[in-house]
Structure formats: structure tokens, C-alpha cells
Amino acid sequence: MDSENSSSHSISSPQMFQNTHNNSAMEDNLLSRPMNNESLQMIIGYLRRNGLTETEELLTREAGPVLRVEGSNGLPPEEAISVEFDTFVQHANDCTDVVQAEFSQLLFPIFAHSYIALIEKHAATARIFFNRFKIFIPECFSEFVYQLSLIEDAMTLRANEHVHILRENKFLVRLSRPTLKHLESIQTRVIGVKNIIAKHICIENADEVSTNRTTIETQMGGILGVTSKSDKRHKMMFSVLKDELMQNIEKRKTKGKDWKDMGKKMQTHCPQADRIPLPPISEHLREERRNWLRDVGKMAIISAESPVSICMYTTVNAPIGVASCDFTDDSSLIAMGLSDSSIVMNAMDPMNKMKKLRDMEFLDKIDIETADNVQSQMFDLQGSTTSVRYTGHGGPVFSVNFSPDRRLLISSAGDRTVRLWSMETQRNAVIYRTPAVVWQAQFCSRGYYFATASADKTAAMWSTDRMHPLRIFADPYGDVGCIDYHPNCNYIAGGSDDRYVRVWDVCSGTRVRIFSGHKASIIAVKFSPCGRYIVSLDAIGNLMIWDLAYQRLVAAEITEQAGTKGSITFSRDGGVFAVSHGNSSIQLYSLDTLIGTVLAAGQNDSYIEPKVNLDGFNIGSYATKETAVIGLHFTRRNLLLGFGCFGQ
Amino acid sequence: MSKTVTIRRPSPTKTSEEPAAHQTPIFTQTAAEMLGITSLNTEAAELLEFLSREKLKEIVRLSAKWTQKSARRRMAVADVEHAIRSTRQCGGLNISSVDTLNLGIQQLQPIQGTSTGIYSFLKSSADVDVDKEDTETFIKIPRDLRVISYPLVNEGQPVQSEYTVNVDEDDGNFFEKIVPEVMTMIPEKNTPSSSTTSSLQMFRDAVKTAKIDQKVGLKPSTIEILTVEQQIFMKDIITVCMGQDDKKRHEALYTLETDAGLQVFLPHLTERICKSISANISQRCLSLIIYAGRVLRSLSHNKACDMTVTLHHVLPALLSCCVGRNMCLRPETDNHWALRDFSAKTLVGLVRDQVDKHDAGRTARRLFDFSHRIFRDTGSSFSMIYGTVHILQEFVAGPKKAAWLLTELGETNARCKSHIESGSRIGASQLSIQEAQKLNQQILKCENSIRNRYNLQQQAPGVPINRRFH
């Protein structure tokens with residue numbers, strides 16, 4: 001954050017320096033000369049700094065002929081744009097803090113489009129332009145600037161994917177009223193910039209005046225700017241129907257406190273039970289819920305006062321490394337997706353081994369009518385082991401996920417397949433071939449449906465009984481790197497390399513929410529168990545919490561941890577979540593504290609300022625020795641399990 | 001007049017910031033020249049270089065993505081490989097470092113009855129009854145994936161775990177480093193400027209002021225760790241050698257005698273065998289001592305094994321076998337004599353074959369002295385003396401010493417005889433009489449052998465004809 005601040009604070013161009021150089025020489029005979037362009041500029045700058053806008057406009061109009069010389073008139077077009085951009089940067093620099101921050105949103109798109117335009121005409125000038133002005137671009141766009149730097153001439157321009165995205169879409173910028181006024185005044189002088197803004201940039205009027213620079217900066221970073229207000233017009237049914245189990249958990253958590261009214265309010269946003277067809281809740285799942293219910297009494301409530309306990313699992317001797325892992329809901333099994341293409345399942349409890357279904361021939365012989373212990377006959381109890389290896393994939397296994405009833409495992413790997421494995425026969429059951437690598441596949445909380453995040457810039461929703469996706473969500477501009485299913489099964493969230501978090505409705509197939517603010521590829525997204533919030537993580541260590549109800553940023557935690565594969569997991573009561581960036585540490589954050597702070601600030605639904613690095617939000621940070629943490633899981637009693645591979 | 005600031009044309013020094021687009025395509029030209037092609041047009045070379053650079057950038061970018069998605073911090077060969085394959089740019093190079101086609105190899109099972117080793121994923125029916133030994137072949141055992149669990153944090157407090165990693169990794173990076181304590185700085189002393197003191201006095205002063213309890217960092221010794229395969233081999237061979245199955249044991253001993261690759265774990269193997277000898281002597285378990293002795297014997301016969309590195313284990317063990325006071329539960333009936341003979345012979349053979357060449361008979365002399373000490377010791381039992389006789393006989397150096405030894409032997413022999421004769425009168429135990437008889441015979445044999453070797457007559461020195469030691 002600091003560096004970002006300083007970079008945009010110090011907006012000052014080489015031309016400015018030149019001005020100051022000339023100042024001393026000029027001062028002697030300043031009065032004896034007629035007003036030239038430079039001195040006029042200085043006066044205007046002074047007026048602007050002191051907010052004397054009317055005088056400034058007046059002077060601009062009167063001294064028009066002198067000022068005009070600086071404009072594009074006398075110059076070839078490729079140099080004119082440099083001059084104009086320089087003027088624009090200077091202008092932005094002269095503004096007050098907040099306005100300057102709002103202006104900085106405009107810098108990157110203008111810069112990029114100017115550069116693209118110049119490359120087509122004259123590559124050498126474009127290169128000079130690029131090297132001269134790249135330092136003014138806010139740091140969050142540095143990756144895109146780098147992408148542009150790869151362009152060397154018109155030929156490489158055509159191949160650049162990034163340019164296509166910028167050209168085919170409008171960059172969205174939200175400006176408050178005072179900033180808009182500023183912009184209008186300067187546009188009269190910089191025609192080239194004005195054209196670019198008209199052609200490629202969509203300016204939206206911010207309803208409220210931001211008072212804070214960080215508020216604006218936390219929202220920047222998307223490949224196409226901030227998100228539009230119109231994106232939140234869709235009504236979203238984000239709540240989860242509370243069954244007996246959830247109510248018990250809540251009761252245990254809010255012992256003695258009065259939070260009931262809030263729970264009631266949330267219920268109103270529940271989707272209809274038959275909004276999407278869901279499989280009936282199986283006996284197996286009911287049994288699981290009952291077991292869980294039994295553990296609720298022993299569940300520890302984690303907070304800053306009663307900190308967490310963590311048990312760590314470290315793999316050694318993995319040939320190339322472990323790429324992914326998943327725990328079953330009851331914490332009895334762990335699945336590891338290895339980089340050498342196999343999947344290893346380990347039973348956590350050595351006494352509770354994995355049973356394997358007997359061969360078909362043997363099963364045929366069992367007489368279901370008469371035999372009294374069909375269950376035990378079906379399984380080969382002698383052959384049960386604590387560790388099973390599934391082989392079949394032909395590339396690193398990027399994700400593994402258990403179905404809620406623990407009978408299926410879904411995996412996606414570098415061989416462009418998604419595979420379903422039967423846990424009972426311990427075999428591959430289905431192979432879904434996909435056109436591009438699927439980075440993550442995840443079951444929904446009722447089973448049957450699963451969602452995939454793919455390298456072909458789409459997310460998709462599948463069911464286990466069809467070979468083709470039921471829905472394909474194709475609006476991202478970059479790889480969808482991570483995905484999560486909403487607890488009420490009606491929505492999917494995907495985090496993309498284009499730095500947006502999107503939420504899609506699986507019923508209608510529309511995108512109902514989009515969030516901008518991340519400054520790098522998103523490496524993990526997770527819905528909160530209550531269904532209202534999304535937590536997301538990007539590759540340079542920013543953690544953001546989004547409110548689905550109003551499509552807004554609630555809080556951002558800015559850290560310096562460069563990540564590989566993120567993992568986020570919520571405690572069973574939903575009050576706390578644990579995060580790892582794929583390096584050797586685990587952080588814990590209290591969502592309850594955050595919500596409490598937001599509520600205390602006033603129940604103003606329309607607008608709140610995002611909290612940046614809020615005190616008391618981070619309630620613990622724990623380092624491992626040498627193990628990169630790639631998986632996290634809370635047991636039903638809220639013991640945190642971490643998983644990693646040694647020295648990876 | 002008005003000043004307008006224009007952007008100047010770039011000066012030549014500024015072009016350093018530009019990418020290497022227009023540099024001479026040195027790499028392409030070198031590559032072409034390596035093929036003997038010199039007619040490459042500069043523009044063509046530039047184009048080639050440009051294209052390959054673009055490709056390289058793309059592959060590096062993709063590989064980095066794969067690395068990230070595999071949750072790894074360092075890029076591995078496999079990532080580059082996958083990236084190249086995903087762009088379908090393998091060309092003629094069929095690269096593959098991970099053998100995905102052979103992944104399920106652990107599940108392969110040999111079809112019984114085929115000694116050549118035909119493998120199948122199907123479980124074979126057990127109809128054909130073939131000896132297991134005939135079908136077993138050596139399969140390379142992959143390292144097992146292992147999950148270690150340990151508490152990291154307890155109620156918010158980080159747990160100081162005893163979990164130390166000692167992973168058998170090829171590059172050895174992952175060994176827990178044992179850092180020696182920080183060495184204390186030795187403070188610089190001000191040497192007294194007065195030149196009146198003598199040098200001796202100065203030295204004494206220096207010694208007085210020098211820090212005596214100074215800490216010296218020592219590099220801890222580390223034991224070379226065996227690979228999993230070697231460990232498994234060692235475990236198997238020890239199990240079989242000390243086991244009940246005679247046929248297998250003979251095979252194993254034969255392996256130990258002939259295998260050329262044993263040197264690596266010789267230290268580990270002999271250490272364990274020698275430990276088992278000492279343990280079994282204290283347990284008086286004769287048969288196991290004999291088994292262990294045979295292992296040492298086989299190893300000493302192995303031409304590819306240099307036993308000199310493990311003498312500190314082997315010699316004490318073998319000597320214990322020779323001169324142990326009591327090594328069996330029933331000394332009357334158990335044949336511990338054979339063990340003593342066998343061990344003495346092994347020892348002599350080992351020292352002759354491997355040691356003497358290097359140390360000019362010093363070890364042999366020390367063994368002689370040691371044996372002689374036992375031999376002369378009045379506390380030694382007859383059976384202990386029995387064990388020394390062969391060693392004395394073999395390691396006696398020179399005819400003069402031999403003559404002297406003969407007199408010693410004669411004295412002992414007389415003592416034996418008197419014990420046998422008087423034993424029945426004074427009521428000495430039957431066992432000790434038996435032992436004395438046995439020793440008597442052994443000494444007689446030994447005397448003959450020495451006389452023959454040095455061509456000595458009774459009490460008469462002669463010319464040595466068969467000197468083996470110097």
C-alpha cells in the first residue's frame with residue numbers, strides 16, 4: 001500500500017523539472033517580458049491548487065491563444081499525444097488528494113490506448129513514450145504495463161491478448177462530481193486524450209463523494225477498471241436455510257447474546273427450495289448431519305480470547321510435490337493430488353480403514369433376501385488399508401474434492417480431464433474430457449452438481465450424470481483459477497486472472513455479482529457459511545471480503561505474502577476463517593469482529609467505507625518450519641488441520 | 001516569444017532501454033554455424049530469433065503458471081515439460097521426466113510359474129504351485145509417501161515440536177542442520193610493551209591470560225544414510241542369515257561371499273552383526289552366535305569387501321567368540337569348541353588376507369600378545385585357553401619365539417595332565433576334566449604344527465623353512 005501511495009503522490013514529470021530549472025533564469029526579466037505559456041501554466045497551476053476554479057477557467061479562456069501553442073497544433077500526431085499525456089499527468093498531480101486518486105484510475109487506460117495507437121503508427125516513438133510515462137502508472141497496473149511492454153511492433157500487437165481485451169471493451173472508471181468537473185475543464189486542452197476517453201473509457205458517476213484515498217485505491221486493479229453499479233441490479237438469494245444443525249451451532253455460539261433478530265432477517269433472502277432441482281437428501285447425508293450434531297456441544301468457539309489449536313500434516317517423499325488436497329467433512333480421510341499424476345488417499349484414523357467393495361462376481365453371489373449381514377459381506381474387510389493410491393491421470397492433479405457423502409471424489413489434472421473416482425470400488429468411474437486444463441473442480445454441498453474453473457476463461461457447472469456441462473459461464477477475460485459453490489447450491493463464485501471475482505446464478509446462467517479490487521490473479525475464493533460474504537485471495541497477498549447483498553468491498557487485508565495456491569476455510573460456526581497463501585504460514589481472521597465493527601458504524605445500507613487492515617480482524621498468524629501450507633480444514637470441533645508438502 | 005517543449009529524439013545512449021529487438025541475432029547465427037550453415041540472411045536470422053524469443057517467453061510464462069497451480073515455489077522440469085506439451089510444441093523431442101504410463105507399476109504382479117518374470121495387472125490364480133523362491137525377482141521399491149502429523153499450535157501458543165526432518169533426499173538439502181554453538185570470540189590481548197621480560201616469561205603470561213574454557217565448534221559426524229533399497233536388502237539379509245531356514249541361509253551366506261556391492265553398507269552390517277554377537281554372548285545363545293560368526297566369515301571371504309574399515313567392530317567380536325568364558329547354556333554337551341575353532345580360523349584368515357599387507361604384522365602381534373595374556377592368566381579357564389591356542393600358533397613370529405612358545409605350551413600341557421590325573425582324586429568337576437582333555441589334545445596338535453612349520457626338534461632350534469611372518 002505504501003509504495004502505491006508514494007508512486008501516485010509523486011506524480012511529477014520530467015517536464016516539471018525542466019520548468020523549475022528555468023525558473024531562476026527567468027525570474028530576473030519576468031516582468032519585462034510578455035506572459036508566455038510557461039508562466040501562464042504556473043499561474044493556472046497555482047489557482048488550481050488553491051481551488052480557485054472560476055478564476056482558472058477565466059484565465060484559461062482569455063489566455064487561450066498563448067496556451068494553445070502548447071497543444072497539438074504544431075506537432076506531428078505521435079508527439080502530440082506525448083505532450084497531451086504529460087499535461088494530463090501534471091494536471092492530475094496538481095489536484096487534491098482524493099481527486100488525484102480518482103484521476104489515477106484514468107492514467108492506465110489512457111496510457112495503454114495511447115501506446116497502442118502509437119505502436120501502429122511509429123514503434124520507436126511509442127517506445128520512448130512508454131519508457132517516459134510508465135513510472136506514472138499506479139502500481140496495481142504494473143503487470144498490465146509489463147504485458148504492454150512485450151509489444152514490440154504492429155505484428156506483436158496483433159497477437160497480444162491483452163490489447164484485444166482493452167480494445168473490445170470499455171474501461172470503467174467511477175468519478176465523483178468534483179473530479180468530473182476537473183476532467184471537463186482539462187479535456188478542452190487535450191484533444192487526443194479526450195478522444196481516447198470518449199472512445200475507450202466509460203465514466204460512471206459516483207453517487208457518493210469518497211473522502212478517503214484508500215477507498216478508491218482498494219477498488220482499483222481490474223483489467224477493465226472498477227465494476228459498474230448496474231451489475232448489482234440482480235436480486236441475489238444469498239441466505240442459507242437453517243436446519244436443526246445450523247440452529248444448534250448458532251445457539252451454542254451465541255450463548256447469552258441476543259443475535260436472533262439478525263438471523264430472522266437473513267432468512268428472507270433464501271431461495272425457494274425448488275428453485276433448482278436438487279437430489280433428495282440421502283440417508284447417508286442425514287446420518288452425517290446427525291453425527292455432526294452430536295459434536296456440536298464439544299465445539300470450541302474460536303475468537304481472539306480463545307485462540308485456535310492447529311494440527312499440521314506434512315507429506316514427505318512426494319516425488320515432485322503435492323499439488324492439492326482435500327479433507328472429508330468428518331475429517332476421516334485426506335486426499336492428496338500429487339504432481340506426479342496420482343492421487344493418494346489416507347485414512348486419518350488408523351483404526352478406521354478404507355473398505356473396498358468386493359469384485360462383481362462376489363457381489364452377485366450375495367443373497368440379499370436371506371443374508372443378514374449384507375453390508376459386511378459387500379466389503380473386503382481384510383483388504384482394507386489406511387492408504388490407497390489412484391492412478392489414471394496424466395498430469396499434475398490440480399484439485400481434489402470429496403462429495404459430501406464421501407462416496408465420490410472429483411479431481412482435475414493437467415491432462416485436461418476431470419475424473420470422478422468411486423471411493424467404494426476405489427476406481428475411476430467417469431472421465432470428463434475438457435478443452436483446456438481445469439484448475440479446480442468442486443462439488444456442491446448436496447452432491448450431484450459440481451463446478452469447474454478452467455484455463456479457457458470459463459467456469460462451468462456439471463452434474464455427475466451428464467457428460468457435458470449444464471452451464472458455461474464465459475464472461476471472464478482470463479483463466480478462472482479458483483471456484484466455490486454457494487452453500488445453498490444456487491450460485492457459483494469464480495476468481496479469475498483478470499482480477500475480478502464473479503458470482504453466477506446457476507439457474508438463469510447470468511452473472512449476478514462482480515467485484516473489482518484485487519491487484520493480481522485471484523488464487524482462492526470462498527463463500528462464508530452464512531452465504532452473505534465472499535473471501536478472496538490474490539497472488540500478491542491481498543485478502544478481500546465482499547458483501548454479496550450490496551456488491552461492495554467490506555474489508556481488505558493487505559499483506560506482502562506472495563502466494564502460489566491459496567486456501568481459505570471457515571470454522572464450523574462461520575465466525576472465523578483461516579487462510580494460507582501457499583507459503584509456510586497460516587493466518588486466522590475473525591469475520592464476527594468485522595461484521596460487528598461494520599454494524600457498530602451504523603446500519604447505513606447504502607454506503608460504507610471498506611476497512612483496510614482493520615485492528616482485531618487478524619487474530620493470529622502461525623508459521624510452519626519448512627512446509628508450504630496448501631490445505632486447511634476445520635474439524636467439527638473446530639480444531640484446525642493444516643496440510644502441506646515438505647520443502648515444496 | 002513562447003517556449004514549447006518538444007520531446008527530443010532519443011540519443012544513442014537511451015536505446016539501452018529498448019528491448020533486444022534489433023540486436024544482431026547472435027544466438028541464431030551461432031546455432032546455424034554449428035550446423036554448418038553460414039548462408040543465413042541477417043533478416044531471416046532476426047526473424048528466427050524474434051520468433052524463438054517470443055516462444056520462449058510464452059513457455060516460461062506458462063511454466064510459471066503450472067508451478068503456481070501445483071502449489072510449488074520453485075519451477076521444476078516437469079512444469080516446463082507440461083507447458084511445452086500443452087502448447088503442442090514438442091517437435092521431435094519426446095520429452096518426459098515423469099513416466100505417467102508406468103504409474104500403476106506397484107500393482108503389477110508377477111504371473112506365477114514364469115521364472116522370466118511376466119507381469120500382469122490381473123491377479124493370477126494360484127493353480128500353479130511353484131516355489132516362491134523361483135518366481136521372486138527383484139523389483140525396485142518406490143519410496144513410500146509418508147504423512148507426518150504434529151501439533152503446530154495449541155490454544156494460540158506455537159508448539160515447540162520435536163519433529164525433525166531427516167528426509168532421504170538426493171540433494172541432501174533437507175537434513176536438519178545442526179549448527180555448532182557460536183564460537184566465542186577470543187579477545188585480543190595487549191602484549192606488554194616492556195621488553196625487559198624474557199620470552200619464557202612472556203609465554204607464561206600469555207598462558208595465564210589465555211581463556212581456557214573456550215568453546216570450539218565441532219562439526220558433528222554424520223552417518224551416511226542408506227537408500228531405502230539398501231535398507232530393505234540389509235534387513236532381509238540379516239533376517240535370513242539369523243533365521244531358521246537352512247536353505248535360504250546358505251543362499252544368503254553365498255550372496256555375502258560373492259556380492260560385489262556390499263562395501264557401501266559394510267559398516268552398518270558389521271556393526272549390527274557384532275552387536276548381535278555381544279548380545280547373544282551375554283544371553284548364552286550359542287546357535288545365534290554361530291550364525292553371526294558365519295556372516296562375518298562370509299564377508300571376510302568376499303574379495304570385494306575391504307574389512308579393514310570395520311576392524312574395530314569385527315576383531316573384538318571374533319576374539320570374544322574365541323575366548324569367551326561361557327557362551328552356551330549347557331557347556332557339557334554344547335559344541336562351543338567348534339565356535340572357538342571357527343572364530344579363531346576366521347580371525348586368522350581375515351588378518352592374513354586383508355590386514356597384514358597394510359600394517360606389517362602389527363595387528364597380528366597385538367593379537368598374539370592379547371591371546372598370550374589370556375593364555376598365561378591364572379584366572380582363565382581351560383576352555384578360554386583353548387580358544388587362544390590357534391591364534392598363538394598362527395601368529396607366532398619367528399623360530400625363536402616359536403621355541404619359546406613351545407615351552408609355554410609344554411608347561412600348560414603339564415598343568416592339564418596333572419589336572420586330569422589329580423582331578424578324579426580331589427573331586428574336580430567332570431566338566432573341567434573334560435575341558436582339560438580337550439585343551440590337552442589341542443595343545444598337542446598345535447605343538448606338532450609349530451614344530452613342522454619351523455622344523456624344530458624337541459627343545460632344539462632349527463632353521464625356519466616356512467616363514468610367513470616378519
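Quick caveat, the model's predicted, so the values are computed rather than measured. Chain letters run A, B, ... following the sequence lines, proteins first, then strands; residues in each count from 1.
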Does any backbone or side-chain atom of A:D415 lie under 4.5 Å from a heavy atom of chain B? Answer side chain, backbone, both or neither. neither

Bottom line for A:A623: the part with an atom under 4.5 Å from chain B's heavy atoms is backbone

With a 4.5 angstrom heavy-atom cut-off, is it the side chain or the backbone of A:L338 that approaches chain B, or both, or neither? side chain

Name the region of A:V437, side chain, backbone, both or neither, that has any atom closer than 4.5 Å to a heavy atom of chain B. side chain

Check whether any side-chain heavy atom of A:P396 lies under 4.5 Å from a side-chain heavy atom of B:S70, and answer yes or no. yes

If I measure from the heavy atoms of chain B, does A:T624 come under 4.5 Å with its side chain, its backbone, both, or neither? both

Below 4.5 Å, heavy-atom pairs only: which of A:V344, A:I334, A:D479, A:V322 has the largest tally toward chain B? A:D479

Measure A:T315 against the heavy atoms of chain B and call it side chain, backbone, both or neither at under 4.5 Å. both

Between B:K57, B:Q157, B:R73, B:E54, the one whose heavy-atom pairs under 4.5 Å with chain A are most numerous: B:R73

Minimum heavy-atom distance A:A539-B:Q68, with the two atoms named: CB-NE2, 3.8 Å

If we only count heavy atoms from C-beta on, is the B:L152 to A:L640 side-chain gap below 4.5 Å? no

For A:I619, is it the side chain, the backbone, both, or neither that has a heavy atom closer than 4.5 Å to a heavy atom of chain B? neither

Which heavy-atom pair separates B:E155 from A:S309 by the least distance, and what is that distance? N-OG, 2.9 Å

Intermediate values then yes/no, side chain to side chain contact (heavy atoms under 4.5 Å, CB included), B:Y150 and A:Y313: CA-CA 7 Å; B:Y150 53 100; A:Y313 290 83; over 6 Å; no

Atom NZ in B:K65, atom CH2 in A:W439: separation rounded to 0.5 Å? 6.0 Å

Looking only at heavy atoms, which two atoms of B:R72 and A:T564 are closest? And how far apart? O-CG2, 3.4 Å

Quick one: are B:V147 and A:M336 in side-chain contact, heavy atoms under 4.5 Å? yes

Over all heavy atoms of both residues, which pair between A:V316 and B:I148 is shortest? Give the atoms and the distance, please. CG1-CD1, 3.9 Å

Find out whether B:K69 and A:C482 are in side-chain contact, i.e. whether some heavy atom of one side chain is under 4.5 Å from a heavy atom of the other. no

Under 4.5 Å, counting heavy-atom pairs only, tell me which of B:D79, B:V153, B:T67 racks up the most with chain A. B:V153

